[in-house]
Amino acid sequence: MARYNYREVELKWQSKWDTEKVYRAKNPGDAGFDPKQKPYYVLDMFPYPSGSGLHVGHASGYIGTDIVARHKRMLGFNVLHPMGWDAFGLPAEQYAISTNQHPRQITDVNTANFRRQLKLIGLSYDWDREIDTSDPKYYRWTQWIFLQLYKKGMVYRKEMPVWWCEELKTVLANEEVINGRSERGNYLCERRPLTQWVFKITAYADRLLEDLSLLDWPESVRKMQSDWIGKSLGAEIDFKLESSGETVTVFSTRPDTLFGVVALVLAPEHPLVAKITAPAQKAAVEAYVKRAASKSDRERKAEAEKITAENTGAFVIHPLTGGKVPVYIGDYVLADYGTGAVMAVPSHDERDFELAKSTGLPLKKVIKPAAGVDDKDCFTEPGVMTNSGEFDGLTTEDGKVKVTAALEKRSAGRARTTYKIRDWIFSRQRYWGEPFPLLIDEQGDIVLVEEIELPVQLPDMKDFQPSADGSSPLARAKDWVEVRDKSGRKLKRVTDTMPGWAGSCWYYLRFMDPHNTKAAFSKEAIEYWREVDLYVGGASHAVMHLLYARFWHKVLYDIGLVKEKEPFKKLFNQGMVTAFAFKDATGRLVPTDEVEQKGMDYVRKSNGEPVERFISKMAKSLRNVVNPDDVINAKGCDSFRLYEMFMGPLDSEKPWTDDGIAGCEGFLKKLWNTCTLEEGGLKLHAGEPSEKIWRSLHKALKRTNDSFELFNFNTAIAAMMEGLNEIRESGDTMTREQMEFFMKMLSPFAPHMAAEIWSMLGHQTWIDFAAWPEYDAAKTVQNDFELVLQVNGKIRKKIRVPINMEESLAVPLAHQELAEWLTGKEIVRSIYVKNKLMNVVIKG
RNA sequence: GCCCCGGUGGCGAAAUUGGUAGACGCACAGGACUUAAAAUCCUGGGUUUCGAAAGGGACGUGCCGGUUCAAUUCCGGCCCGGGGCACCA
């Protein structure tokens with residue numbers, strides 16, 4: 001056979017796909033658009049084009065979506081499969097600073113490298129739709145959408161305690177700060193009161209929560225979003241200060257425990273603290289407040305197990321019993337959640353229980369466990385109310401309602417829902433982002449930039465470094481900041497920029513109509529494509545991008561700009577590709593290139609000492625980062641694609657091995673050798689097609705079709721390998737029809753070889769749009785099969801019998817075959833599973 | 001602490017509704033072809049035990065128990081790994 005020169009063949013097809021724009025998706029109004037063809041939109045989370053380029057881990061999601069896109073085209077869908085660059089934002093800017101280059105320049109270089117790498121993988125993107133969020137032609141519309149959200153009342157400016165990162169010299173959103181450290185760079189952050197631009201995402205909290213039920217998303221991501229939104233139902237309860245009659249309101253999810261209150265606890269920052277503190281307590285309370293303020297959030301968390309509080313000396317009146325309740329302050333109460341004040345019920349809340357322990361406050365049991373449930377000093381589960389006057393005997397569930405109603409009647413409380421989610425801090429004091437399309441006049445009032453003036457171009461600044469004083473770098477571009485409107489009025493531009501999330505909040509919509517210069521996207525395009533059918537990306541975006549994008553989408557829905565309530569119908573998280581790493585006996589990491597295999601073991605090259613193999617993230621320090629360029633050069637793109645999928649199901653984490661790819665390369669070589677003649681041309685069977693080969697092909701097709709349900713393409717590839725092995729063992733060759741069948745089935749996975757053999761079969765048309773083969777179960781049926789004979793569940797024998805054998809025939813046959821085990825035993829019964837097995841149950 | 005996901009050979013893994021555990025591949029061992037190598041092809045293997053061999057027995061999907069004729073699959077209790085949340089009242 002002629003040796004398969006994969007790189008030559010792959011480059012040939014890749015260049016044809018490119019120049020003939022094979023994967024261009026047609027929009028309504030385009031030449032050749034067929035309104036009867038159904039749309040299918042499959043989207044990757046677009047990458048931030050980093051300086052280090054793609055590694056094999058990024059590629060797995062892209063290959064997965066590419067297989068889906070190619071499959072859907074063959075099923076007759078008009079497939080939208082675009083790619084672009086999430087180029088604005090901190091990562092690009094930090095990289096630019098560290099390499100001392102302008103982010104524009106860096107972005108262009110990195111983008112070119114990413115585009116080259118993606119094309120190398122043979123991904124069937126519609127490159128005509130490529131977008132770059134840092135391109136003025138794109139961010140013009142990001143700014144336009146911002147204005148629509150502004151007009152809808154979704155943007156405000158307010159001084160509030162926000163996260164400030166001194167290292168990054170900017171504020172960050174709550175979602176971007178994890179355990180007091182920045183999500184990007186892992187730098188320490190602190191709370192500072194600052195005036196910032198904020199999105200009113202809390203106004204959509206309920207809908208963001210409820211509509212999760214409309215989505216075909218992984219349970220874990222939906223859970224993370226619902227936890228982040230953190231809705232809790234409860235009541236606000238008013239306590240009157242004994243001294244002044246002023247109201248202190250607490251929030252509680254357990255109004256049924258109201259009779260168990262032994263104290264009120266206010267956050268140290270609560271506005272009433274100074275006012276109510278008794279003279280005798282003043283010094284202690286002030287010291288406590290001061291100490292709490294000086295503690296960072298980290299320290300507060302670190303000391304979480306210790307609940308402390310200080311008595312203010314003030315008392316409030318219990319709204320139902322009229323009893324006196326002391327007021328404490330404690331730093332376990334958060335100022336910005338609920339009302340910044342809680343009622344302490346030590347018998348039924350863990351923290352309050354700890355509080356009672358440290359302050360000597362009494363326990364007051366008002367909930368008894370339901371029958372059969374163990375009681376504890378601190379019983380936090382639902383139960384039955386007791387010591388609660390008229391409410392005794394009510395369940396927790398009923399009690400919540402009845403107590404709240406009683407409070408409402410006395411105007412001392414009301415049902416209330418609170419959320420953990422905070423409004424979204426949207427301004428950044430950084431250079432590399434979209435400027436706000438806002439102006440401020442001399443009175444300090446906000447003026448919107450006229451839509452026809454958009455985009456507000458990011459000024460070209462040589463010195464784009466963040467300012468030391470916390471102001472935005474754009475403030476230094478004096479000429480840019482100061483403008484006059486038509487009437488000559490002096491105005492100043494807002495100098496903050498938008499966060500990196502802005503561009504990714506709507507890019508999936510721009511892909512539907514990327515070149516529109518009159519609108520962000522046309523009505524026709526939206527009405528045709530509607531939503532993303534399949535969205536694939538890493539799980540790390542579960543809250544942040546996916547929450548922000550859903551929020552923008554819902555506002556756009558309310559304005560009438562989009563037609564679906566949700567942007568991403570089905571979400572799929574691809575698993576991380578990890579790599580093997582090594583450590584020596586002392587636990588020290590040993591770089592991969594210093595290790596070699598000796599038999600079944602791994603040893604250090606230099607001294608032969610044994611090292612232990614384990615799985616870790618790919619890391620430069622371990623020298624186990626694998627670059628797809630190298631793999632493709634060595635093994636070919638089709639082999640690379642197959643192996644990425646063959647390693648395991650798309651959603652599970654799996655380690656890369658350079659050796660593993662040999663199996664996929666071998667499969668392709670074997671397939672080539674099976675299909676082609678040494679002197680060139682194809683090895684085609686002329687006469688009657690082999691039934692065995694049809695059986696193998698249809699069996700493989702069944703499993704391939706099934707793999708599109710769970711995206712476990714490893715099973716599809718295994719099925720094709722098995723099919724090929726069977727074909728080779730049969731000793732027959734494929735007919736033209738059979739070879740076409742195989743190539744079509746292979747095409748989404750290894751598109752280059754499929755295209756090559758397809759064209760050798762004489763086709764002038766693209767295999768990419770050939771109809772996907774029809775599965776025919778009848779073709780897989782055999783006349784006989786191996787019936788498994790068991791005695792008491794243990795396999796004793798296997799016999800070949802005709803298919804669909806009746807039980808009446810099978811039972812005596814089995815008994816006869818199993819005579820050796822059955823003689824002299826009492827047969828209790830015989831269980832016959834048609835076409836599978838027979839289990840004879842005996843006694844004695 | 002709470003929630004979610006996972007644990008199957010030396011390794012990656014497979015196994016419709018409970019019905020032959022380990023498909024497919026890697027690595028390994030042995031062999032064929034070759035002056036040699038590359039390439040290609042063939043064979044082998046869960047563990048253990050009996051047997052000279054052919055072949056057989058027992059055990060085996062993290063651990064312990066349960067349901068069932070039959071459990072990787074269902075139920076209960078644990079152990080380990082990964083991820084998320086963590087004073088949210």
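Every chain is numbered from 1 and lettered A, B, ... according to where its sequence line falls, protein lines coming before strand lines. Small disclaimer: the values here were computed from a predicted structure and weren't measured.
- Spacing between B:G9 and B:C5 at atom C1', rounded to whole Å, works out to 24 Å.
- Counting only heavy atoms from C-beta on, A:K836 has its side chain closest to B:U17 among B:C69, B:U17, B:A89.
- Distance from the side chain of A:S232 is smallest to B:A89 among B:A14, B:A58, B:A89.
- Residues A:F708 and A:F713 place their aromatic rings such that the two centres sit under 6.0 Å apart.
- Comparing the C1' positions of B:G60 and B:U72 gives a spacing of 11 Å, expressed to the nearest Å.
- A:R703 has no side-chain polar atom (N or O) that falls below the 4.0 Å cut-off from OP1 or OP2 of B:A15.
- B:G57 and B:G7 have their P atoms separated by 31 Å, given to the nearest Å.
- For B:U47, the paired nucleotide is B:A58, the pair qualifying as Watson-Crick or G-U wobble because both relevant distances are below 3.5 Å.
- For A:D331, taking side-chain heavy atoms from C-beta onward, the closest of the listed nucleotides B:C87, B:C69, B:C85 is B:C87.
- Atom-to-atom, CD of A:E786 to C1' of B:A21 comes out at 15 Å; the value is rounded to the nearest Å.
- Within 4.0 Å of A:N725, counting heavy atoms only, lie sugar-phosphate atoms of the nucleic acid but no base atom.
- Across B:C85, B:G25, B:U20, the shortest atom-to-atom separation from the side chain of A:L837 is found for B:U20.
- Using the Watson-Crick or G-U wobble rule with both distances under 3.5 Å, B:C24 pairs with B:G12.
- Here B:U8 presents its P atom at 16 Å from CG of A:N714, a figure rounded to the nearest Å.
- To the nearest whole angstrom, the two P atoms, one in B:G55 and one in B:A39, are 34 Å apart.
- Remark: the separation of the P atoms in B:G62 and B:A53 is 33 Å, to the nearest Å.
- For the C1' atoms, the distance from B:A29 to B:G45 is 9 Å, rounded to whole Å.
- Heavy atoms of A:K794 sit under 4.0 angstrom from primed sugar atoms or phosphate atoms, though from no base atom.
- Summarising the local packing, NZ of A:K692 is surrounded by 12 or fewer heavy atoms from other residues, nucleotides or ligands at distances under 6.0 Å.
- Contacts of A:V841 with the nucleic acid, taken as non-hydrogen atoms under 4.0 Å apart, involve only primed sugar atoms and P, OP1 or OP2.
- Salt bridge status for A:D256 with A:K400: absent, with no side-chain N to carboxylate O gap under 4.0 Å.
- If you check every strand for non-hydrogen atoms under 4.0 Å, A:E653 touches sugar and phosphate atoms only.
- Counting distance only, with no hydrogens placed and no angle test, the side-chain atoms of A:N839 and the base atoms of B:C69 include a donor-acceptor pair under 3.5 Å.
- For A:Y337, the side-chain atoms get nearest to B:A89 when compared with the rest of B:C87, B:A89, B:G12.
- Considering only the side chain of A:V788, B:U20 comes nearest among B:U20, B:G12, B:G25.
- Between the NZ atom of A:K699 and the C1' atom of B:C24 there is a distance of 13 Å, given to the nearest Å.
- To the nearest angstrom, C1' of B:U17 lies 14 Å from CG of A:D706.
- A:K223 comes within 4.0 angstrom of the backbone, heavy atoms only, and of no base.
- Nucleic acid contact class of A:R422 (heavy atoms, under 4.0 Å, all strands): none.
- Ion pairing between A:E354 and A:K357 holds under the 4.0 Å rule for side-chain N and carboxylate O.
- Here A:I831 lies in heavy-atom contact (under 4.0 Å) with a base.
- Residues A:W656 and A:Y643 place their aromatic rings such that the two centres sit under 6.0 Å apart.
- Looking at A:E726 and A:S696, their side chains do bring a donor and an acceptor atom within 3.5 Å of each other.
- Base pairing of B:C85: its partner is B:G1, meeting the Watson-Crick or G-U wobble criterion (both donor-acceptor distances under 3.5 Å).
- Between A:D238 and A:R414, at least one side-chain nitrogen of the basic residue sits less than 4.0 Å from a carboxylate oxygen of the acidic one, meeting the salt-bridge criterion.
- Taking only side-chain atoms of A:M721, from C-beta outward, the nucleotide of B:C26, B:C24, B:A13 with the closest atom is B:C24.
- The side chain of A:K670 lies closest to B:G25 when the candidates are B:A89, B:G25, B:A21.
- Here B:G25 presents its P atom at 13 Å from CE of A:M720, a figure rounded to the nearest Å.
- Nearest nucleotide to the side chain of A:N712, out of B:A89, B:A15, B:C24: B:A15.
- Comparing B:A21 with B:U47, their C1' atoms sit 14 Å apart, to the nearest whole Å.
- Mapped onto RNA chain B by nearest heavy atom, A:S252 and A:A718 fall at different nucleotides, with A:A718 at the one closer to the 5' end.
- Side-chain N or O atoms of A:N624 include none that pairs as donor or acceptor with a backbone N or O of A:M618 at under 3.5 Å.
- Between the P atom of B:G83 and the CD atom of A:E183 lies a distance of 16 Å, rounded to the nearest Å.
- The separation of B:C4 from B:G46, taken at their P atoms, amounts to 38 Å, rounded to a whole angstrom.
- Base pairing of B:G6: its partner is B:C80, meeting the Watson-Crick or G-U wobble criterion (both donor-acceptor distances under 3.5 Å).
- Residue A:F580 is classed as a sugar-phosphate contact, given heavy-atom separations below 4.0 Å to backbone atoms only.
- Look at B:G76: its glycosidic torsion is beyond 90° from 0, and that puts it in the anti range.
- Distance from the side chain of A:R796 is smallest for B:G57 among the nucleotides B:G57, B:G12, B:C4.
- Across the interface with RNA chain B, nearest-nucleotide mapping of A:S220 and A:K420 shows A:S220 to be the residue nearer the 5′ end.
- Rounding to whole angstrom units, NZ of residue A:K798 and P of B:U20 are separated by 10 Å.
- For A:M647 and B:C24, the CE to C1' distance is 15 Å, given to the nearest whole Å.
- Contact annotation for A:T715: backbone-only contact, meaning every heavy-atom pair under 4.0 Å involves sugar-phosphate atoms and none involves a base.
- A:K797 and A:E820 are not joined by a salt bridge, as no carboxylate oxygen comes within less than 4.0 angstrom of a charged side-chain nitrogen.
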